[in-house]
Amino acid sequence: MQEVGSGIFPTVDLAVSAAEEAQKHLRQLNWEKRETIIRALRQTIRKNAQVFADEAVKETGMGRVEDKHFKHLLVADKTPGTEDIAPRAFSGDRGLTIIEMGPYGVIGAVTPATNPCATVMNNSIGMIAAGNGVVFSVHPRAKKVSMHIIDTLNKAIVEAGGPNNLITTVLEPSLENTDQLLAHPGINMLVATGGPEIVKKVMSSGKKAIGAGAGNPPVVVDETANLEHAAKSIVAGASFDNNLPCIAEKEIIVVDYVADQLKKYILQNGAFEIKGNQVDQLKRIILSEKQDEKHAGCTVNPKKYTVNKEYIGKDAKEILKVLGIDVDRSIRLIVCETDSDHPFVQEELMMPVLPLVRVKDVAEAIDLAVKVEHGNRHTAIMHSKNVDNLTSLARAIDTTIFVKNGPSYAGIGAGGEGYTTFTIAGPTGEGLTSAKDFCRSRKCVLVDGFSIV
């Protein structure tokens, strides 16, 4: 094989075998050395954050360079490391018990085209901090940049005194290679970040699995909200990286009494409104309608839509140009009023197109938010000064992330407290994953000893 970089192999078997060998060496290193490796990964990510952002947008054609750059710095600064897996101890009359977090071994990790760099880097820090090696199944649309990252991070690990090939992948990503990875006996744990199909695959693999699936986050605005602040937050969150993150606001549900004022502020903060025939035209461009065989014959919603991949993650300016509308790049978001059944509301578009639905009161808003979130239990956002209203939505929708009075990305530590992750495991329940989720809990009990009180 022509050498293309550290950690890149022609077959799944070779990639797994190399990661296994590297992980054995990692376990021989002390904690201080592991922490040195994590620091080196952070420094390397910061140093290359802009380069990886440029490459990702160029290769995938999705997202905004400045936002990806921001995400990469966020990963470097706020991904938990070894501090996340501190041991616990219990001392008493019958001795000493220690709970320690140990590695699984080698993890197979599937990453998406929509968030290729941040996911690879974030998972690498967490999984290595936990003592594992990792074999990535990268998305074909993000092949070059993903492999550049894997090569770069491996070299940083070696320079820090760690083993080569702690992070590996296959030279030619494919569905066949992904299936081989999921079934490989050398893989002890699976982590999938992507759509429902891949999450279902890892959950049915028979191995320990973490699945981070899709979302359709609603943002609810009631009559008590600070509307100007809400509008700025909504535009910022929904347009961030052109709406590619699964946490991003996907539909606005607003109490009618304040809807006009909210929309006015939204349009003052980098959004452009389309109306009437323009909405219908855009629907025909970005969505394909087809018969859903699973629900054929049903009278309720017998059709489903597929999103036109050509427009996923594109700038609002590019999408508007297809409608014959010319705007400058300061326009980050397209807004349109629809009813609650419109496919823009029901489908996760992953592009800067945000439908707005009016409701009569907050009770109706909460009911609708629960329905359009589709039980993904991923993310929801609300703007309100009424604590009771905030509490009611939080309890009713029961999402992994609930952001109050801020942009959606505050939920992953950007402008909000707490750590960051780009693998948000709603389907399997881990929530915002970090190093502790890539460990096995182990209990060591010393009976009638080492209790000195």
Side-chain angles (χ1 to χ4, degrees), residues 4-8 37-81 109 111-126 128 136 138-160 167 169 193 235-248 270 312-318 328-333 350-352 407-410 412-416 419-423:
V4 292
S6 177
I8 301 166
I37 290 169
I38 297 304
R39 284 196 297 272
L41 290 175
R42 296 188 195 280
Q43 291 167 2
T44 300
I45 292 167
R46 289 189 198 101
K47 180 180 177 181
N48 292 279
Q50 186 66 55
V51 172
F52 294 150
D54 290 334
E55 290 180 3
V57 173
K58 182 179 179 181
E59 182 178 8
T60 67
M62 295 186 285
R64 300 174 73 95
V65 169
E66 63 271 26
D67 292 345
K68 290 192 185 295
H69 179 241
F70 177 85
K71 285 196 292 188
H72 301 166
L73 295 177
L74 184 66
V75 166
D77 294 338
K78 300 196 78 171
T79 300
T111 62
T114 52
N115 238 357
C117 307
T119 306
V120 169
M121 295 185 293
N122 174 251
N123 281 348
S124 294
I125 290 175
I128 292 171
F136 282 107
V138 304
H139 198 285
R141 287 187 66 183
K143 167 186 166 182
K144 292 179 181 178
V145 68
S146 299
M147 292 186 183
H148 185 193
I149 292 169
I150 289 168
D151 174 56
T152 303
L153 295 186
N154 269 314
K155 288 174 179 174
I157 291 168
V158 172
E159 288 177 9
I167 310 167
T169 191
T193 310
V235 174
S239 68
F240 183 72
D241 207 18
N242 287 340
N243 203 251
L244 288 173
C246 289
I247 61 164
I312 291 177
K314 296 297 185 185
D315 288 354
K317 175 181 173 65
E318 290 185 46
D328 62 44
R329 202 165 183 262
S330 66
I331 297 298
R332 295 177 58 97
L333 187 66
M350 290 195 295
M351 61 186 75
S408 54
Y409 51 67
I412 54 170
Y419 65 91
T420 198
T421 187
F422 287 86
T423 296

- Query: Step by step, would you call M351 with L244 a side-chain contact (heavy atoms from CB on, under 4.5 Å)?
  - Reply: CA-CA 6 Å; M351 61 186 75; L244 288 173; over 6 Å; no
task: With sequence neighbours left out, write down each residue that passes ring-ring contact (aromatic ring centres under 6.0 Å, His included) with H148, or none if nothing qualifies.
output: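 So H148 forms a ring-ring contact (aromatic ring centres under 6.0 Å, His included) with F52.
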[X] to [Y] - nearest heavy-atom pair and separation:
{"X": "I247", "Y": "Y409", "value": "CD1-CA, 3.6 Å"}
{"X": "A142", "Y": "S146", "value": "O-OG, 2.7 Å"}
{"X": "A40", "Y": "A160", "value": "CB-CB, 3.7 Å"}
{"X": "A49", "Y": "L73", "value": "CB-CD2, 3.8 Å"}

Are more than 12 heavy atoms from other residues, nucleotides or ligands located less than 6.0 Å from atom NZ of K317?
->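 It does: K317 NZ has more than 12 such atoms within range.
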Side chains of T420 and T79, donor plus acceptor under 3.5 Å =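 Absent: no donor and acceptor within the cut-off.
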CA sep, side-chain torsions, deciding dist, call: M62, R141, side-chain contact (heavy atoms from CB on, under 4.5 Å): CA-CA 10 Å; M62 295 186 285; R141 287 187 66 183; 4.0 Å; yes
Distance-only, no hydrogens or angles: does the [X] side chain make a donor-acceptor pair with backbone N or O of [Y] under 3.5 Å?
{"X": "R64", "Y": "N242", "answer": "no"}
{"X": "E59", "Y": "V145", "answer": "yes"}
{"X": "D328", "Y": "S330", "answer": "yes"}
{"X": "H139", "Y": "P112", "answer": "no"}
{"X": "D151", "Y": "S6", "answer": "yes"}
{"X": "N122", "Y": "A118", "answer": "no"}
{"X": "K78", "Y": "G413", "answer": "yes"}
{"X": "N243", "Y": "S239", "answer": "no"}
{"X": "R42", "Y": "A76", "answer": "yes"}

Atom [atom1] in [X], atom [atom2] in [Y]: separation rounded to 0.5 Å?
{"X": "T114", "Y": "I312", "atom1": "OG1", "atom2": "CD1", "result": "8.5 Å"}
{"X": "D315", "Y": "L333", "atom1": "CG", "atom2": "CG", "result": "12.0 Å"}
{"X": "M147", "Y": "E55", "atom1": "CE", "atom2": "CD", "result": "13.0 Å"}
{"X": "L153", "Y": "I128", "atom1": "CG", "atom2": "CD1", "result": "7.5 Å"}
{"X": "T169", "Y": "N154", "atom1": "OG1", "atom2": "CG", "result": "10.5 Å"}
{"X": "I149", "Y": "T119", "atom1": "CD1", "atom2": "OG1", "result": "9.5 Å"}

Exercise for the section: With sequence neighbours left out, write down each residue that passes side chain to side chain contact (heavy atoms under 4.5 Å, CB included) with K314, or none if nothing qualifies. Expected result: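 For K314 the side chain to side chain contact (heavy atoms under 4.5 Å, CB included) partners, ignoring immediate neighbours, are E318, I319.
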A side-chain contact here means heavy atoms from C-beta on lying under 4.5 Å apart; do [X] and [Y] qualify?
{"X": "S124", "Y": "F136", "value": "yes"}
{"X": "F240", "Y": "K71", "value": "yes"}
{"X": "T152", "Y": "I45", "value": "no"}
{"X": "V138", "Y": "I150", "value": "yes"}

Going through the distances and angles, do N115 and T193 end up as a side-chain contact (heavy atoms from CB on, under 4.5 Å)?
CA-CA 9 Å; N115 238 357; T193 310; over 6 Å; no
Margin query: Go through it in stages, so that I can follow the logic: the residues are M121 and H72, the test is side-chain contact (heavy atoms from CB on, under 4.5 Å), and I'd like the CA-CA distance, side-chain angles, deciding distance and then a yes or no.
Written below: CA-CA 8 Å; M121 295 185 293; H72 301 166; 3.4 Å; yes
One thing to verify: whether D67 and R332 come together as a salt bridge, which I'm taking to mean a side-chain N less than 4.0 angstrom from a carboxylate O.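 Counted as a salt bridge, because a side-chain N and a carboxylate O are separated by less than 4.0 Å.
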